[in-house]
Amino acid sequence: MEGVRKFKEDVANKSSKGDRVLFRKNKVERIHGHGRLAAPGKVSVTGADGKEQIVEAKHVVIATAPHRASSPG
């Protein structure tokens, strides 16, 4: 089972590094936080610090990341 977990982590790390290269190459800004569409061309993003910022852009891509679901109790 340890081999499967290591393989999964290696694939995820390579994918993540590839994303960063593509973002930099295409001048894409990555903003971390909880986002919502505020208006056409505007996204409201609340960061981990609780501060909200409004981001304006001609093109907006909203991506979600997988996270572990917590079990009740």
Side-chain angles (χ1 to χ4, degrees):
M1 195 64 174
E2 182 63 26
V4 173
R5 187 183 61 77
K6 177 157 178 21
F7 176 77
K8 177 191 73 88
E9 288 176 2
D10 289 346
V11 170
N13 287 335
K14 287 178 186 174
S15 175
S16 176
K17 289 177 186 173
D19 290 350
R20 282 187 232 132
V21 170
L22 288 173
F23 275 36
R24 192 171 32 251
K25 176 184 171 193
N26 293 296
K27 299 179 180 127
V28 173
E29 180 182 1
R30 176 185 281 178
I31 301 172
H32 293 274
H34 183 267
R36 66 178 180 81
L37 297 173
K42 294 184 181 185
V43 178
S44 169
V45 181
T46 303
D49 59 1
K51 292 183 181 177
E52 180 182 34
Q53 64 176 321
I54 301 293
V55 180
E56 293 186 49
K58 184 176 179 181
H59 302 284
V60 176
V61 175
I62 297 178
T64 61
H67 64 283
R68 292 183 183 190
S70 59
S71 57

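Excluded from the calculations below are hydrogen atoms, water molecules and symmetry mates; all remaining heavy atoms, backbone and side chain alike, are included. One-based numbering along the sequence shown.
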With sequence neighbours excluded, what pairs up with K6 under the side chain to side chain donor-acceptor pair (under 3.5 Å) test? D10

Could you report the tightest heavy-atom contact between V60 and A57, atom names first, then the distance? CG2-CB, 4.1 Å

Does E2 have any salt bridge (charged side-chain N to carboxylate O under 4.0 Å, His left out) partners at least two apart in sequence or in another chain, and if so, which? R5

By salt bridge (charged side-chain N to carboxylate O under 4.0 Å, His left out) - contacts of K51 (at least two apart): none

Contacts of type side chain to side chain donor-acceptor pair (under 3.5 Å), residue S44, not counting sequence neighbours: E52

Side-chain hydrophobic cluster, 4.5 Å single linkage: members besides F23: V28

Got a sec, which residues hit side-chain contact (heavy atoms from CB on, under 4.5 Å) with V45, two or more places apart in sequence or on another chain? I31, V43, Q53, V55

